[in-house]
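Written out below as structure tokens is the structure these notes cover.
Residues: numbered from 1 along the sequence shown. Note that these values count all heavy atoms, side chains included, but never hydrogens, waters or copies made by symmetry.
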Amino acid sequence: KKLVAWGEQRGRQEGRQEGRQEGRQEGMRDSVIEVLKEKFQQVPQDISDKLGNIVQAADLALLLRKAAVIKSLNEFRNVLVATQQKQQKL
């Protein structure tokens, strides 16, 4: 019984940790979108869709920094595609 209880507790802890991580990722994605909206008034659906596929926190942080300094949506799209390709190689 102790082993089962330990396993259940461990599972709950891992679930909470995964939930927090997913929440942080979603928050970073939302931040990227907000920065792009502020700069360009709208964000094309293809960019939103591609951004939804980025899961690494470091990549999302990079995209947020790039969103703040890029000059065009096409420039951001190129960075986003390169980031996706890098993730696919992992």
At their closest point, which heavy atom of Glu75 faces which heavy atom of Lys71, and how far apart are they? OE1-N, 3.1 Å

State the CG-CD1 distance between Leu36 and Ile47, to the nearest 0.5 angstrom. 6.5 Å

Mind checking whether Arg29 and Val55 have side chains closer than 4.5 Å, heavy atoms only? yes

At what distance, to the nearest 0.5 angstrom, does CG of Leu51 lie from CZ of Arg77? 12.5 Å

So if you build clusters from Ile, Leu, Val, Met, Phe, Trp, Tyr with side-chain heavy-atom gaps below 4.5 Å, do Leu62 and Phe76 land together? no

Residues Val32, Leu60; criterion side chain to side chain contact (heavy atoms under 4.5 Å, CB included); working and verdict: CA-CA 8 Å; Val32 171; Leu60 290 166; 5.5 Å; no

Among Val43, Leu64, Asp30, exactly one meets side-chain contact (heavy atoms from CB on, under 4.5 Å) together with Val35. Which residue is that? Leu64

Counting neighbours of NZ on Lys39 that are heavy atoms of other residues, nucleotides or ligands and sit closer than 6.0 Å, is the number greater than 12? yes

Point-to-point distance, once rounded to the nearest 0.5 Å, from CG of Leu80 to NZ of Lys66: 12.5 Å

Taking it one step at a time, do Lys50 and Gln84 satisfy side chain to side chain contact (heavy atoms under 4.5 Å, CB included)? CA-CA 8 Å; Lys50 285 178 175 67; Gln84 275 188 307; 3.4 Å; yes

Working to the nearest 0.5 angstrom, can you tell me the gap between Met28 CE and Ile33 CD1? 13.0 Å

